[in-house]
Amino acid sequence: MVQTTRRQFVGIVLSSAVLPTANRLAGAEKPSPYVRANTEWLAKCRFGIGIHWTAQTVPRNGPPKPFQKAVADFDLGGFMAAVEHAGADYVLFTAAHALQMLPAPHPVLDKILPGRTCERDLIGEMADALAAKQKHLLVYYNHSCNGKQDAAWEQAVGYHAPNKERFAQNLMEIVSWMGDRYRDKIKAWWFDSPYSLDTRGPHNSVTTDMTGFPFPWERFTVAAKVGHPARLVTYNAGVNQTFLYTTHQDYWAGELVNLDTPAKNRHLDNGLQWFGWTCLEDRAWVHTKLDTPIRPPLYTDEQVIGYVQACNQHIAPMTFNVGIYQDGTMAEASVEQLHRLNRALRS
């Protein structure tokens, strides 16, 4: 009964997102322009930890566990101890990446393709643990329709269907259900791979016939804010790209591959809050090599400290993707480097 009520509520919200377009086409009064959410809390952050812990993540040694078993065994206590030791102000956690498999329950996903969810709600538990330490949870989400990395999912979700409206609706219901479940526990979304849904940007990795269907970014933003209207939203246009698939977003995704371009202002020329995210040690993002330790950090302490200080001078937070093993243990050398960064910023 609770799920039915929630689904009906989400449907009403998503349907209402179509009304402004209908009114405009009918010559009615134009809707109000998009008002960006307040990014003050994010701007006050110094640095955070990004985590690509996914269904492809492997352990330090030995064979990987099945995804559901890995989620059940994830050492959240040890993970949180490392976050605190590092001194990070927030965690940007990956809900789904190449494979559409969520470390949490999700009835919408179960209906689209069974076997892709878990009994343990690792997202909710992590949100609660971070909130107890006055830290924020940002959530990365990828639709997983990228070059047939998850071919079964692409078919099930409707990526290759002639009518793309069902596909878009499925994605909107996935994120809106999560938004309604977690409310203000998810402070921001970081959406990846819009270039697999929209050919207009600097990259084009669309591998289906979109049949002239313009992906409804404005409606998707409405769905992403269900449960917490102040939740921030961003769409990643690629490395160091500032292209906007829609103005209906609140901060810059800021994917970077090095420490060459610190923030020069709090906001970009397009008005978005500056935000950066780069790999601290492994540019592959996800640790997938069996029986192989995560690499040491790419940069010296001086480089990391100087970069973050330069960003913070402009009220801009920086995020470091830290390698992590399947049991939830982060790369020790990386955590120690961030610990030294935290001490330097506080000195």
- [ ] Spell out, yes or no, whether Tyr307 and Val257 are grouped together once hydrophobic residues are joined by side-chain heavy atoms under 4.5 Å, including indirect joins.
- [x] no
Task: Nearest heavy atoms of Leu76 and Met126, plus distance in Å - done: CD2-N, 4.0 Å
Open item on the list: Quick check against the 3.5 Å criterion: does Asp282 have a side-chain atom that pairs as donor or acceptor with the backbone of Arg295?
Closed with: no
Task: Close side-chain approach of Ile49 and Thr319, heavy atoms under 4.5 Å - done: no
Task: Arg116 side-chain N/O to Leu113 backbone N/O, donor-acceptor pair under 3.5 Å - done: no
TODO: Step through it carefully: locate the ring centre of Trp177, locate the ring centre of His106, and say whether they are under 6.0 Å apart.
DONE: yes
Open item on the list: Among Arg231, Lys187, Lys225, exactly one meets salt bridge (charged side-chain N to carboxylate O under 4.0 Å, His left out) together with Asp250. Which residue is that?
Closed with: Lys225
Open item on the list: Give me the atom names and distance for the closest heavy-atom approach of Ser193 to Asn142.
Closed with: OG-ND2, 3.0 Å
Open item on the list: salt bridge (charged side-chain N to carboxylate O under 4.0 Å, His left out) for Glu125 and Lys185? Distances and angles first, verdict last.
Closed with: CA-CA 10 Å; Glu125 289 182 28; Lys185 294 179 181 180; over 6 Å; no
Task: Under-4.0 Å salt bridge between Lys135 and Asp89 - done: no
Task: Other cluster members, Tyr251 - Ile/Leu/Val/Met/Phe/Trp/Tyr, side-chain contacts below 4.5 Å - done: Trp41, Leu42, Tyr90, Leu92, Leu138, Tyr140, Trp190, Leu232, Phe275, Trp277, Trp285, Val286
Open item on the list: So does Thr207 get a backbone contact from the side chain of Tyr159, meaning a donor-acceptor N/O pair under 3.5 Å?
Closed with: yes
